[in-house]
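Every number for a ligand or one of its atoms is a count from 1 in the order of the listing. Values reported hereafter were calculated over all heavy atoms of this structure, with side chains retained and with hydrogens, waters and symmetry mates removed.
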Amino acid sequence: MKNAPSLRSVAITGTGKYVPERILTNEDLRQMVDTSDEWITTRTGIKKRRIAAANEATSDLASAAARQALENADVAAADLDLIVVGTVTPDMAFPATACFVQKELGATKATCFDVSGACSGFLYGLEIARGYIASGMAEKALVIGADKLSGIIDWTDRNTCVLFGDGAGAAVLEAAKDGGGEVVSTYSGSDGSLDEILNVPAGGSRCPLTSENVDSKLNTMKMAGREVYRHAVTTMVSAAKEAITRAGLTPKDIACFIPHQANLRIIETIAHKLDMPMERFFVNLTEYGNTSAAAVAIALDEAQRSGRIKRGDYILMVVFGGGLTWASSVIRW
Ligand code: ACO
């Protein structure tokens, strides 16, 4: 995707997050599948993840994160023109999860739709909302990354079940004034030829849900871990460089890198390839595992609320996900 023409600057004016109460530890997983805390920690860095309650839908996670972001931005839900939810675990095939969020928040004048970009969903949504506001089509937008991956995981497959968790992160976007948060650059891309290394085969039109398909667990996530790992490193390094170049910067100018929270080893390799110290990278996958579209949005919220990022800092978000998809953005906080 080309960089948005600079019609008018757009800023993130508030962020929020929500994670479910229930914590699933590596020790809990050891009692479910043939794994160990040692294996999970050394291969991924993950210690815990949050699991949504059975009656908690993706829109519930999303709405809770959205409320925090609206409060942080001091924006009323009724004033939103646009709600975009990045998710691969929608409440239903339709209506869009964004419509459920609209109903929950009372955002009556907003146009609402979902984006299916897997883990890239939040940054895809950010780029879309930026375009709407830059062009004057919208004044105030809410972008959410939310996933309840626990519902599409095969809890008997140790290759995947140790990696993921549930959560939501949100950001409010408005035309930039002088309050910081300016979206300086965005970049995104996809490679549909790599569909087979990460997908959920059944549940769509290609392979509808039947009792046989469910018995064969075709409605759960399938992943070729090593292949995904390899592509994750390559695409995130090049996407990071692209957003930084589009912002007219070099990696040394970035005060805080916020990468997709999939695997600590992937993040360490990216840091090495960008010749940047790990101290510049924000990492919270230890606590939450990989929350898909929510991951960078949750991390952004935690980075700003903890004071890890300060007014005027350049920060970089970079993600990859099933599709494959990838995206990146530089923000002047
Ligand atoms: N516990 C113990 N052993 C395990 C586990 C586990 N949880 N999982 C796999 N193993 C075993 C394997 O069976 C294999 O055993 P074998 O050698 O006897 O066959 C051995 O450990 C090594 O397996 P590898 O796959 O080579 O392990 P690797 O070091 O590559 O780590 C991992 C696997 C963590 C999945 C890694 O490849 C990875 O992180 N890949 C990227 C995954 C990712 O980021 N996915 C998110 C995509 S984003 C989205 O859109 C959802």
Side-chain angles (χ1 to χ4, degrees), residues 24-49 58 86-90 115-125 145-168 188-192 194-201 203 219-237 239 259-270 283 285-286 288-299 317-328:
L24 188 72
T25 65
N26 291 350
E27 175 57 26
D28 296 330
L29 281 162
R30 194 178 66 76
Q31 292 169 30
M32 295 160 61
V33 290
D34 181 14
T35 190
S36 64
D37 175 49
E38 199 268 334
W39 193 96
I40 301 171
T41 306
T42 53
R43 299 290 178 125
T44 73
I46 299 166
K47 286 284 189 188
K48 303 171 189 166
R49 59 293 283 151
T58 297
T87 187
V88 285
T89 49
V115 172
S116 176
C119 302
S120 305
F122 176 72
L123 288 192
Y124 272 23
D147 267 308
K148 184 181 173 179
L149 288 185
S150 61
I152 56 164
I153 284 168
D154 175 358
W155 288 101
T156 63
D157 175 15
R158 70 176 183 173
N159 291 297
T160 52
C161 77
V162 302
L163 303 174
F164 301 101
D166 301 332
S188 64
S190 320
D191 183 352
L194 293 168
D195 58 313
E196 287 187 357
I197 66 171
L198 186 55
N199 62 29
V200 177
N219 59 327
T220 61
M221 194 189 303
K222 310 296 171 209
M223 183 181 75
R226 277 189 200 176
E227 284 270 289
V228 173
Y229 191 109
R230 200 165 53 80
H231 287 289
V233 169
T234 327
T235 55
M236 284 208 284
V237 168
H260 181 44
Q261 304 287 313
N263 183 319
L264 186 58
R265 286 190 297 146
I266 293 177
I267 296 175
E268 285 169 348
T269 309
I270 292 169
V283 176
L285 58 81
T286 326
Y288 306 127
N290 178 351
T291 56
S292 186
V296 280
I298 292 174
M317 291 183 279
V318 59
V319 295
F320 80 99
L324 288 189
T325 59
W326 55 86
S328 52

Item to check | Close side-chain approach of Ile270 and Val318, heavy atoms under 4.5 Å | outcome: no
Next on the checklist: Please list the nearest protein heavy atom to atom 9 (C) of ligand 1 with its residue and the distance rounded to 0.1 Å.
Outcome noted: Asn159 OD1, 3.1 Å
Checklist outcome for this item: Checking Leu29, Val33, Thr220 against Trp155 for side-chain contact (heavy atoms from CB on, under 4.5 Å), the one that qualifies is Leu29
Next on the checklist: Any nitrogen or oxygen of Asn263 lying under 3.5 Å from a nitrogen or oxygen in ligand 1? Just yes or no.
Outcome noted: yes
Next on the checklist: Can you tell me which portion of Thr44 lies within the under-4.0 Å heavy-atom range of ligand 1? Options are side chain, backbone, both, or neither.
Outcome noted: side chain
Checklist entry - Who's the nearest protein heavy-atom neighbour of atom 51 (C) of ligand 1, and how far? => result Cys119 SG, 3.4 Å
Checklist entry - Rounded to the nearest 0.5 Å, what separation is found between the CD1 atom of Ile153 and the CE atom of Met223? => result 10.0 Å
Checklist entry - Do NZ/NE/NH1/NH2 and the carboxylate oxygens of Glu27 and Arg30 come within less than 4.0 Å? => result yes
Item to check | Exercise: do Asp147 and Thr87 side chains pair donor with acceptor under 3.5 Å | outcome: yes
Item to check | Options Gly323, Gly225, Ala224, ranked by nearest heavy atom to atom 40 (N) of ligand 1, top entry | outcome: Gly225
Item to check | Under 4.0 Å to a heavy atom of Gly321 - the qualifying atoms of ligand 1, by number | outcome: 50 (O)
Next on the checklist: Side chain or backbone, does Asn290 bring an N or O within less than 3.5 Å of an N or O on ligand 1?
Outcome noted: no
Checklist entry - Among Arg230, Arg265, His260, whose heavy atom sits nearest atom 31 (O) of ligand 1? => result Arg265
Item to check | Which residue and heavy atom of the protein sit nearest atom 11 (C) of ligand 1, plus the separation | outcome: Arg158 NH2, 3.6 Å
Checklist entry - Of all the non-hydrogen atoms in the protein, which one sits nearest to atom 44 (O) of ligand 1, and at what distance? => result Ala262 CB, 3.4 Å
Next on the checklist: As an exercise, identify every atom of ligand 1 less than 4.0 angstrom from a heavy atom of Ala118.
Outcome noted: 50 (O)
Item to check | Closest approach of any protein heavy atom to atom 42 (C) of ligand 1, naming residue and atom | outcome: Met223 SD, 3.6 Å
Item to check | Region of Val88 that comes within reach of ligand 1 [heavy atoms, distance under 4.0 Å] | outcome: neither
Checklist entry - Can you tell me which residue and heavy atom of the protein come closest to atom 24 (P) of ligand 1, and the distance to 0.1 Å? => result Arg226 NE, 3.7 Å
Checklist entry - Atom CG in Leu198, atom CZ in Phe320: separation rounded to 0.5 Å? => result 7.5 Å
Checklist entry - Does some side-chain heavy atom of Ile152 sit less than 4.5 Å from a side-chain heavy atom of Thr89? => result yes
Checklist entry - Which ligand 1 atoms, with their elements, are less than 4.0 angstrom from a heavy-atom of Phe320? => result 44 (O), 47 (C)
Next on the checklist: Out of all atoms in ligand 1, which are within 4.0 Å of some heavy atom of Asp34? Include the element for each.
Outcome noted: 1 (N), 2 (C)
Next on the checklist: Heavy atoms only: which of Leu198, Thr160, Ile152 lies closest to atom 47 (C) of ligand 1?
Outcome noted: Leu198
Next on the checklist: Is it the case that the side chains of Thr25 and Lys47 hold a donor-acceptor pair, with the cut-off being a distance below 3.5 Å and no angle test?
Outcome noted: no
Checklist entry - When you look at NZ of Lys222, are more than 12 heavy atoms from neighbouring residues, nucleotides or ligands closer to it than 6.0 Å? => result yes
Checklist entry - Should you measure from each heavy atom of Gly322, which atoms of ligand 1 turn up under 4.0 Å away? => result 49 (C), 50 (O)
Item to check | Val162-ligand 1 polar pair, N/O distance under 3.5 Å | outcome: no
Checklist entry - Would you say the side-chain atoms of Thr35 pair up with the backbone N or O of Arg158, donor to acceptor, closer than 3.5 Å? => result no
Next on the checklist: Can you report which non-hydrogen protein atom sits closest to atom 8 (N) of ligand 1, along with the distance?
Outcome noted: Trp39 CH2, 3.3 Å
Item to check | Non-hydrogen side-chain atoms of Leu149 and Val88 separated by less than 4.5 Å | outcome: yes
Checklist entry - Heavy-atom contacts under 4.0 Å between Leu29 and ligand 1: side chain, backbone, both, or neither? => result neither
Checklist entry - Of the protein's non-hydrogen atoms, which lies at the shortest distance from atom 22 (C) of ligand 1, and what is that distance? => result Arg43 NH1, 3.6 Å
Next on the checklist: Check for me whether Leu149 has a heavy atom closer than 4.0 Å to any atom of ligand 1.
Outcome noted: no
Checklist entry - If you measure from atom 1 (N) of ligand 1 to every heavy atom of Ile40, Leu324, Thr35, which option wins on shortest distance? => result Thr35
Item to check | Test item: Asp154 and Cys161 side chains (from C-beta on) under 4.5 Å apart, heavy atoms | outcome: no
